[in-house]
Asker: 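Please see the structure below; I have some questions.
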Amino acid sequence: MADLVRLTIDGKPVEAPAGTLVIEAARCIGVEIPAFCYYPGLSLQAACRMCLVEVERAPKLLASCTLPVAENMVVRTDTPAVKQARRSMIEFLLTNHPLDCPVCDKGGECELQDMVFRYGAGESRFSEVKQHVEEKRFSPIVFFDAPRCVLCYRCVRICNEGLGVRALGIVNRGVASEIGPNRGDRLECDECGACIDICPVGALTSGIYRYQTRPWEMQHVGTICTFCANGCKTTLGVRNHRIIRGNNRDRSGINGEFLCIKGRYAFDFVHSEERLQTPLLRVNGELQPVSWSRALAAVAEKFTEVKARGGKFGVIGSNHTTNEENYFLQKFARQALGTGNIDHQRTGDVATLLGCTRSLATVADLYSTKAALVVGSDLAQQHPLYAFQLRANWRHHQARVYTVTEGPVREDQYSAGRARVQRGEELAGVERLREQLKAEPELVILFGDAIQGEAVRKLVAFGDSLGIPVKYVCLLDYSNSRGAADMGLTPEPGGGLTLPEMLAAWDLDVLWVVGANPLKNGELAADGAFVVVQDLFLTETARRADVVLPAASAYEKSGTVTSATGEVQALRAALKVMGAKPDLEIFGLIAREMGIDLGVAMPEAVFEEIRQTVRGYNVPLPVIAAGGAAQALAPEAPVAAAGRADLAESARNTLFTSGTLGRYSKALNSVEEAPGGLYR
Amino acid sequence: MLYNQPSPLEVKVLTRRFGLPDSQSLDTYLATEGFQGFRRALEMKPEEIIGEVMASNLRGRGGAGFPAGMKWSFVPRASSKPKYIVVNGDEGEPGTCKDRLLIENDPHQLIEGMLIAALAVGAAAGYIYIRGEYRRLIEIMDRAIAEAYRKGYLGENILGSGLRFDVYTHSGAGSYECGEESALLESLEGRRGVPRIRPPFPAVAGAFQCPTVLNNVETLCAVPAILRDGGAAFAALGTPKNGGTRLFCLSGHINKPGVYELPMGFNLLRMIDEVGGGVWKGKKLKAVIPGGSSCPILKASECDLAMDFDTVAKARSMLGSGGVVVLDEDTSIVSLATRVMRFYQHESCGWCVPCREGTTWLRKLLERFHAGHGTLADIDLMGDLARNMLGRTFCPLGDAAAMPMISYVEKFRGEFEEYLNRTPGGPLGRVTIDG
């Protein structure tokens, strides 16, 4: 690089691109410069004054967080003056700090504690009365304890800049300055908790986690959020087989530090009192608790009997069970039950997309692409990670984002072009942006369920006609919708009944529903059908069942899931819930009960089979095993396979709803915001 | 307009219209050589105007004393963005009350100064930021601006020159911090008045991120005379590198408090005795704050000095904003320190740690000390805390609080110690500045 700048930090020579901040350059050579307010990716504050360094020929200490490197600059971070400055800054910070570490949620993982430990001010000369303010409840999720606050403004910045929600600001002045909601005395926001996680101290705490445990008493399990299809990594804090918190402070995974309320706080459905913990069997018209062996025997007996007489099966899979489970289920249906009547609730037409192009974007592409086009989706509500990535891309790289939507969306704050269209007119809206899009060097197109079947082909044709590299994301709704499609939970291409057709088939003998709730809005035509349901809760569908088998959630099992962008990631079991079994295990038990051999029903074995047999899934094992994400490759050449144009329908989840699981999360239901509200 | 009795020692350049009947009106202004500087500037090239201001050795009157012509020259000549002239009329420094009189008595002089600055840098609009407490001044300024528009001195095609310039007033909301230039700009733009990270400086990215000349009221008020009579003539009034006159605001324990226009470099003792009529009640001089409350205090023995930026700096204080506060022999420095720190603690914006926490700690400490509950260790601590703030805060407010504090403890340590020896709970000594 031509514009490399040479300087020395603590006597070590450093080369850094022009414009690099000294604090970053120091980090690159392993010199830590402490800071509270400096936070990579957010705007600069220079407010905490912890990062002061000595620069040769400068008359006073300089804040290294706002100091760009300069040729032949000589920086020292280890001189007595620097050390004294840090010590005095901490002494200042602690004057009004309550020092309530023994009960503070942050105790043990607090940046202020670490700084005091490392940089001093172990004793205080402060003997005046401390400034005290009572703690405040901004929302059921967000609590604020002003005395602990160091006013680093990270929370304000992540909310304003990162999310574009602009819910937090500063009230009062001077020593009375406080973080506060911008609208009145309570938050109206996404309730994502980013402000809480980014807080270096215990000033912002979550209503979900506060005063429940010491951080070191938890086990921390990194897994994939089980709600939407964005595939965020969430680290669950587990103590005594209870999940106490979720966060992603290690910034691993494709989401970095991003999580929405679902990933951070909605895990509590796992501990709902309404979880099914024993199988149920319909006896004399009533569902009654029975043993696993009795329930499994009833299922196996019926399956065997119907199979023997050539009866009609219908199998409905889930869009939040693992790839292994989905694969095994379709194998079970096709090989053991001999039926092609298998489907799942489709939330987007990814099959057609995969049939027309191999050019698929990853989450990382959303942060690096020069331009993006969002068609028919309110990203901030339905795909918050993608909204966050695009916004970060705009903030950091001036990416141009275009939207074609029905109503206002948060991207309007910064979009480079937009078209408002009636539903169904999306392609016309896209066409209106043609000239602008053509001028872009590259493009990522994200589209929702408004584009299906033939419309997908037209959209891809439009992309091809721009004459620039275009990548696509088909927006899907649940954590493994993509995996369900990839694993073959569809009647195509072999032929068979689709989900609506199964429900409408009056002569259906068996309906086997795994992790889905088709009868919430639908009706089963076949009155006499034997219905088997595997689920966490007694859903509308489970109430109609003859056998209900209690299933484990994604947080209780291992396996892999595939995000909407096709990125395959591993789940890690965080806990066990008594009585519930992973669906894969249940399949294995049914198979054994029926006396059929479908191979080992273990996630590792099934994943190996997937890697061998499912197109594009020969992903590198070490990446997955290490907690990374590997994009399932598109087929060598696009296959003619296509989805049915009328089958996909987005669940229209908002930030605070998410199908069955969302209904049982107290955290999600506790928020006071209007569902679907556009907070900005 | 009300204003103190002038002194025969004054050299009246900026204040020449003070006391004239109807001095706020454009007619009076025009009758007394008003807009002649601007007319001359109209015939000059921008760099010639800046050259004239440089030759005048005019230094910023807000406190920092930065050469005004040089500041103007930093504004990029070619810019795709509009450029602005912003006038700092926030005048919040305790002891300072000169900008108020300049606007009250001669608002058109400021408008002319802005017009000349606009010609020099190519600006099309100007904002006069006036502290919120000066509500009456905003009315005066608005009337003057309206009159200037009516008579063709503002707006489109000024004096047939083709120049367009618009002026707006903007009210502060009571924060001292908004006198700091970048906080002023934040406030002007409608945001919370907290300082900005610099660079970029206002000359490059100021109001609305556009190139901006940001000058104190008095600085711009000196410009018409400089253009009218020439930079050299203005420079000759003062000392080398400290051109012209400035408005000194004499206050405190003095017989004739008031605002006096004196040449730069005027001797401080002479100022007190001959201009201000000496220390009141026949008392002896104890100390002087030479340029507003943020300047380190000068003991009586240090006061025989020329009041220009460089000489006062050599005496390890600052000429600041011209607020000369005279303290008689009965003044309690402990009370003074307490009062001053109460001010800075109240005005700290809260942005950065050392200022926010440091001023608060010092205020609490001083109030306790002042109430008779101090210890010997507290005296060292005061100085120490101030030194821990000095040069480490985000903006100069922290320094403004720390520098005088350090000077009080260094120069009057004995008095702090003596204060400890009073009977606890006994009389606190005469509190002359408090309250």
Side-chain angles (χ1 to χ4, degrees), chain A residues 21 35-37 43-54 58-63 65-68 81-82 84-97 112 121 124-131 149-153 156 169-179 182, chain B residues 173-178 183 191-200 342-369 373-375 377-378 380-382 384-399 401:
Chain A
L21 299 168
F36 290 107
C37 69
S43 65
L44 301 176
Q45 300 287 287
C48 76
R49 317 307 285 174
M50 277 301 294
C51 68
L52 295 173
V53 295
E54 217 171 281
K60 55 181 190 178
L61 302 180
L62 300 178
C65 70
T66 49
L67 183 68
V82 172
Q84 194 277 335
R86 289 173 184 170
R87 203 163 51 242
S88 71
M89 238 28 90
I90 289 174
E91 189 184 29
F92 279 138
L93 267 180
L94 292 182
T95 57
N96 285 308
H97 190 88
L112 182 58
S124 175
R125 298 175 291 175
F126 184 78
S127 54
E128 320 302 327
V129 177
K130 284 177 190 272
Q131 178 95 6
C149 177
V150 296
L151 284 168
C152 66
Y153 308 95
V156 175
I170 307 284
V171 292
N172 302 337
R173 287 183 75 82
V175 77
S177 298
E178 269 182 48
I179 305 298
N182 281 335
Chain B
S175 165
Y176 170 78
E177 174 62 9
C178 290
R191 286 193 291 273
R192 188 181 162 79
V194 290
R196 292 178 178 171
I197 293 168
R198 283 165 298 165
R342 193 182 291 167
F343 173 80
Y344 285 107
Q345 191 273 340
H346 181 261
E347 294 301 340
S348 172
C349 77
W351 185 258
C352 75
V353 173
C355 176
R356 180 179 76 230
E357 306 293 343
T359 54
T360 305
W361 189 348
L362 277 169
R363 173 185 172 163
K364 287 177 177 171
L365 176 73
L366 278 160
E367 285 181 344
R368 174 168 58 78
F369 196 93
H373 306 293
T375 65
D378 287 336
D380 290 329
L381 186 54
M382 288 173 207
D384 218 25
L385 295 180
R387 273 185 293 275
N388 282 347
M389 291 164 62
L390 188 67
R392 295 174 186 173
T393 54
F394 184 81
C395 85
L397 197 152
D399 291 346

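By convention in this document, chain letters (A, B, ...) are assigned in the order of the sequence lines, proteins followed by strands, and residues within each chain are numbered from 1. Values below: every heavy atom of this structure, side chains too, minus hydrogens, waters and symmetry copies.
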Asker: Taking only residues two or more places apart in sequence or in another chain, which ones pass side chain to side chain contact (heavy atoms under 4.5 Å, CB included) with A:L67?
Answerer: A:V22, A:V55, A:L62, A:M73
Asker: Are side-chain heavy atoms of A:F92 and B:M389 found at a separation under 4.5 Å?
Answerer: yes
Asker: Which bit of B:L390 comes within less than 4.5 Å of chain A, counting heavy atoms only: side chain, backbone, both or neither?
Answerer: neither
Asker: May I ask you to name which of B:S348, B:G391, B:C349 has the most heavy-atom pairs under 4.5 Å with chain A?
Answerer: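 Between B:S348, B:G391, B:C349, the count favours B:C349.
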Asker: Could you list the residues that satisfy side chain to side chain contact (heavy atoms under 4.5 Å, CB included) with A:A47, not counting sequence neighbours?
Answerer: A:C37, A:Q45, A:Y153, B:W351
Asker: Is there a side-chain contact between A:T95 and B:T360 (heavy atoms, below 4.5 Å)?
Answerer: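 Side chain of A:T95 against side chain of B:T360, heavy atoms only: no contact under 4.5 Å found.
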Asker: Can you tell me which portion of B:L365 sits under 4.5 Å from chain A's heavy atoms? Options are side chain, backbone, both or neither.
Answerer: both
Asker: Measuring from atom CZ of A:R125 to atom CG of A:L94, what distance do you get when rounded to the nearest 0.5 angstrom?
Answerer: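 The CG atom of A:L94 is 12.5 Å from CZ of A:R125, to the nearest 0.5 Å.
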Asker: Give, as side chain, backbone, both or neither, the part of B:S175 having an atom under 4.5 angstrom from any heavy atom of chain A.
Answerer: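 It is the side chain, since no backbone atom gets that close.
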Asker: Could you look at B:R368 and say if it's the side chain, the backbone, both or neither that has a heavy atom under 4.5 Å from chain A?
Answerer: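 Looking at B:R368, just its side chain touches chain A.
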Asker: Sort out for me which of A:A46, A:S177, A:P59, A:C48 touches chain B most, counting heavy-atom pairs under 4.5 Å.
Answerer: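 Heavy-atom pair counts peak at A:A46.
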Asker: Non-hydrogen atoms of chain B under 4.5 Å away: do they reach the side chain of A:L93, the backbone, both or neither?
Answerer: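 The answer is both parts of A:L93.
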Asker: Let's go through B:T375 and B:L381 carefully: what are the C-alpha distance in whole Å and the side-chain angles of both, what is the deciding distance for side chain to side chain contact (heavy atoms under 4.5 Å, CB included) to 0.1 Å, and is it a yes or a no?
Answerer: CA-CA 10 Å; B:T375 65; B:L381 186 54; over 6 Å; no
Asker: How many angstroms lie between atom CE of A:M89 and atom CZ of A:R49, to the nearest 0.5 angstrom?
Answerer: 7.5 Å
Asker: Which atoms form the tightest heavy-atom contact between A:G174 and B:R356, and what is the distance?
Answerer: O-CD, 3.6 Å
Asker: Below 4.5 Å from any heavy atom of chain A, which atoms of B:E367 appear? Answer side chain, backbone, both or neither.
Answerer: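 Looking at B:E367, nothing touches chain A.
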Asker: Quick check on the interface: out of B:D378, B:V194, B:T359, B:T393, who has the most heavy-atom pairs with chain A under 4.5 Å?
Answerer: B:T393
Asker: So for B:D384, is it side chain, backbone, both, or neither that comes closer than 4.5 Å to the heavy atoms of chain A?
Answerer: side chain
Asker: So which of A:C152, A:A85, A:A63 has the largest heavy-atom pair count under 4.5 angstrom toward chain B?
Answerer: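 Ranked by heavy-atom pairs under 4.5 Å with chain B, first place is A:A85.
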